[in-house]
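Beneath this line is the structure, given in structure tokens, with notes to follow.
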Amino acid sequence: MNTTKKIILFDGVCNLCNNAIQFIIKHDKKDQFRFATLQGEIGQKFISERNIDQQKTDSIILIEPSIAYYLKSTAALKIGRNFGGIWILLWILEQIPVSFRDWVYSYIAKNRYKWFGKKNECMIPTPELKSKFLD
């Protein structure tokens, strides 16, 4: 898979994650992102290529091809900062120690199915959004 777009891997059965992806698509005015589910073949390929331990993160991963990848709170904040405008102020939250940010993030991620529900299968994008999804 050769793309210059930033890739967001997400939990395809999580309602919170699916809502977040819809939010990202709505605010991605510069068409910077492409998406794949963590459960899908392409998502698993990206995870394997980067030796990412899925026991440590199972909700969101941001990949900037040929640059780096980001997990948990850092991924979420970097995604938001890409929207531009007022969202650039998210850099302030990046000044909070990663250990604390990730603790909060992990607490929410651990409870996301209980609080927001879970689907039986991964989200299927509409025909007009299909080009934004890699799998």
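Across A109 and S59, no two heavy atoms sit closer than the pair CB-OG, 4.1 Å. Taking all atoms of both residues into account, the shortest heavy-atom contact from W87 to G80 is CB-O, 3.2 Å. Across K6 and P65, no two heavy atoms sit closer than the pair CA-CD, 4.2 Å. Minimum heavy-atom separation, T74 to D102: N-OD1, 4.3 Å. For the pair R101 and I96, the tightest heavy-atom approach, listed with the atom from each and the gap, is NE-O, 3.0 Å. In terms of heavy atoms, L38 sits closest to D11 at CD1-N, 3.7 Å.
Using a 4.5 Å heavy-atom cutoff, the side chains of I24 and F83 are in contact. With contacts defined as side-chain heavy-atom distances shorter than 4.5 Å, the pair I21/F133 qualifies. Two residues are said to be in side-chain contact when any heavy atoms from C-beta on lie closer than 4.5 Å; D31 and K5 meet this criterion.
With hydrophobic clusters built from ILVMFWY side chains whose heavy atoms lie under 4.5 angstrom apart, I60 does not share a cluster with I67. Y105 and Y107 fall within the same hydrophobic cluster, where Ile, Leu, Val, Met, Phe, Trp and Tyr residues are linked whenever their side-chain heavy atoms come under 4.5 Å apart, directly or through other members.
To the nearest 0.5 Å, the span separating CD1 on I108 from CZ on R112 amounts to 11.0 Å. Between atom OG of residue S106 and atom CG of residue L71 there is a gap of 10.0 Å, rounded to the nearest 0.5 Å. For the atom pair L93 CG and L90 CG, the distance stands at 5.5 Å (nearest 0.5 Å). Expressed to the nearest 0.5 Å, how far CD1 of I25 lies from CD1 of I8 amounts to 8.5 Å. Annotation: the span from L62 atom CG to I7 atom CD1 amounts to 9.0 Å, rounded to 0.5 Å. Between the CG atom in L77 and the NZ atom in K72 there is a gap of 14.0 Å [rounded to 0.5 Å].
Figure legend: K78 and Y70 shown as a cation-pi pair, the cationic atom lying under 6.0 angstrom from the six-membered ring centre and within 45 degrees of its axis.
Taking a cutoff of 4.0 Å between a charged side-chain nitrogen and a carboxylate oxygen, R50 and D53 do not qualify as a salt bridge. Comment: K45 does not engage E41 in a salt bridge, judged by the lack of any side-chain N to carboxylate O separation of less than 4.0 angstrom.
Ring geometry for F33 against F35 counts as tilted: the plane angle lies between 30° and 60°, on a 0 to 90° scale.
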message: Test side-chain contact (heavy atoms from CB on, under 4.5 Å) on F46 and I61; report intermediate values, then the result.
response: CA-CA 10 Å; F46 282 121; I61 300 169; over 6 Å; no
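Remark: F116 engages no residue in a ring pair (Phe, Tyr, Trp, His ring centres under 6.0 Å) (not counting sequence neighbours).
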